[in-house]
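Atoms within a ligand are numbered from 1 in the order they appear, just like the ligands themselves.
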Amino acid sequence: MSFHSFEQAPARLNRSELAVPGSQPQMFEKAAQSEVDVIFLDLEDAVAPDEKEQARRNIIKALNEIDWGNKTMSVRINGLDTHYMYRDVVDVVEQAGERLDLIMIPKVGTAADVYAVDMMVTQIEDARGYKKRIGFEHIIETALGMQNVHEIAAASKRNESLHFGVADYAASTRARTTIIGGVNPDYSVLTDPLEDGSRDVHWGDMWHYALARMVVAARANGLRPIDGPFGDFQDPEGYRAAARRAAVLGCEGKWAIHPSQIVLANEVMSPSEAEITKANRILAAMAEAEAAGKGAVSLDGRLIDYASIRQAEVLVEKARRIAA
Ligand code: GLV
Ligand code: MG
C-alpha cells in the first residue's frame with residue numbers, strides 16, 4: 001500500500017437511489033415505503049423554475065414530517081450557476097438539517113464548487129449546533145466535472161459518493177445518444193469478414209471510459225461510485241444490462257428514476273448467495289490459518305491472497321447490512 005492514506009466514506013447501503021421531484025409531494029409516501037436505500041428529493045432538473053420555491057417548502061415539510069425509516073435522505077440542490085442554489089442550501093439545511101443525510105451537488109465542475117458548498121453548510125451547521133455532519137454526493141455530468149473528477153473527489157471530508165449523470169454528460173460532451181444511459185449502434189466494431197463473407201457487428205459500451213474514470217476517482221478517495229439514470233423504465237432488461245456493466249466496473253449502486261427500477265438495482269447490486277457463502281468460507285479459512293499460526297491461507301487447495309480476503313470482508317459486511 002501507499003504511505004498516502006484516505007478515509008473511507010461512511011458505509012451506507014447505496015444499491016439503489018430513487019429520484020423524487022420535490023414538486024410532486026404525492027410521491028413522497030410511496031418512496032418512504034419502498035425498498036430503496038437512498039432517496040434524493042430533487043430541486044434541480046425535475047422541477048420547473050416557477051415551482052422551485054414550492055418544491056423547497058415541500059421538501060422541508062416532508063423531511064420533518066414523513067417517517068422515512070432508516071432510508072438515507074438526500075436533497076439535490078440547484079447548480080452553483082443559478083440563484084436558487086444558495087436558498088436551497090440555507091433553507092433546507094436550516095429547517096430540515098437534522099433529518100438530512102446528504103446533499104447532492106449537480107453539475108459540479110471544480111474542487112472550488114465543493115469548497116463553496118462546504119463553507120455554507122459548515123456555517124449553517126455550526127450556527128444551528130447540529131451534531132451530525134451532512135455528507136456530499138456529486139454528480140459528474142459535465143466535461144469539466146469529468147476533467148476535474150480527481151480534484152472534486154478529494155475536495156471535502158464531507159464527500160461520500162460520485163454519480164455518473166449520463167444524460168447531462170451526453171449533452172455536455174455532445175455525445176450522440178439515443179436513450180438516457182442506453183447504447184448507440186453507431187458505437188460498434190465490425191469483425192473481419194467471416195468465412196461466408198459476412199461480418200458481425202459488436203456493439204460497444206460508449207460510457208465505458210467515463211464510468212471507469214469516475215470509479216477510479218471515487219475509490220482512490222474512499223467514495224462510493226454510483227451509476228446514474230437509465231431512461232427507459234419500460235425496459236427492465238436494458239436497465240439490468242446497464243447496471244451489471246456498472247457493477248462489473250466497481251459501481252455499488254444505480255439510480256432509479258421510476259419506482260419499478262428499485263428492485264432491479266437492489267437485485268444487481270446485492271451480492272449473490274454464492275458470493276456470500278464463498279466470502280464466509282474465505283474468512284473462516286483465514287481465521288483457521290491464524291489460529292494455527294500459519295502465514296498462508298488456502299481454500300479448496302488454492303492459496304488465498306490478501307486482496308481476496310479484503311474483498312471477502314467488504315462483501316460479508318455488505319450482506320450483513322442488507323440483512324439488518
Ligand atoms: C443526471 O442528473 C443526469 O443528467 O444524468
Ligand atoms: Mg443531470
Side-chain angles (χ1 to χ4, degrees), residues 14 16-24 27 31 36 38-49 51-52 55 59 74-82 84-85 88 102-110 113-114 117 136-149 152-153 159-184 205-215 217-218 223-233 235 238-239 241-243 245-246 249 251 253-259 261-262 264-265:
N14 204 164
S16 50
E17 180 145 350
L18 181 67
V20 183
S23 49
Q24 308 282 329
M27 292 181 171
V36 79
V38 183
I39 295 175
F40 79 81
L41 301 173
D42 192 13
L43 285 168
E44 200 221 12
D45 278 356
V47 178
E51 293 186 322
K52 299 272 189 205
I59 287 177
S74 179
V75 168
R76 178 162 77 169
I77 59 173
N78 283 283
L80 275 78
D81 58 330
T82 74
Y84 303 114
M85 173 259 162
D88 293 344
L102 302 168
I103 289 178
M104 176 179 267
I105 305 180
K107 301 183 182 73
V108 59
T110 67
D113 288 345
V114 183
V117 183
F136 287 168
E137 17 182 37
H138 300 292
I139 317 183
I140 305 301
E141 54 180 343
T142 61
L144 185 64
M146 191 57 82
Q147 173 175 271
N148 295 323
V149 65
I152 290 166
N159 286 357
E160 288 203 13
S161 54
L162 300 181
H163 300 241
F164 180 48
V166 65
D168 273 304
Y169 185 75
S172 171
T173 55
R174 301 187 202 173
R176 295 186 179 176
T177 59
T178 47
I179 47 161
I180 293 174
V183 283
N184 183 333
D205 176 9
M206 63 187 290
W207 310 117
H208 175 84
Y209 164 74
L211 206 50
R213 180 174 164 89
M214 187 195 81
V215 169
L223 314 181
R224 300 183 292 275
I226 307 294
D227 192 22
F230 185 81
D232 184 356
F233 51 79
D235 179 10
Y239 182 98
R245 285 199 305 276
L249 288 180
C251 285
K254 182 163 175 62
W255 286 19
I257 57 156
H258 186 272
Q261 294 179 332
I262 296 170
L264 306 175

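- Closest to the Mg ion (ligand 2) among the N, O or S atoms of E141 is OE1.
- For the pair E44/M104, no side-chain contact is recorded, criterion being any heavy-atom separation below 4.5 Å from C-beta on.
- In summary, the aromatic rings of W255 and F40 are positioned with their centroids under 6.0 Å apart.
- For the Mg ion (ligand 2), the nearest N, O or S atom contributed by D168 is named OD2.
- Ring geometry for H258 against F233 counts as parallel: the plane angle stays under 30°, on a 0 to 90° scale with 60° as the upper cut.
- F164 does not carry K254 over the face of its six-membered ring by the limits of under 6.0 Å from the centre and within 45° of the normal.
- In this model, a donor atom of one side chain and an acceptor atom of the other lie less than 3.5 Å apart for E137 and S74.
- Under 3.5 Å, the side chains of N14 and R224 contain a donor-acceptor pair of N or O atoms.
- Proximity of a side-chain donor or acceptor of E141 to a complementary backbone N or O of K107 within less than 3.5 Å is detected.
- Closer than 4.0 angstrom to ligand 1 by heavy atom are R76, E141, G165, V166, A167, D168, P229, W255, sorted by chain and number.
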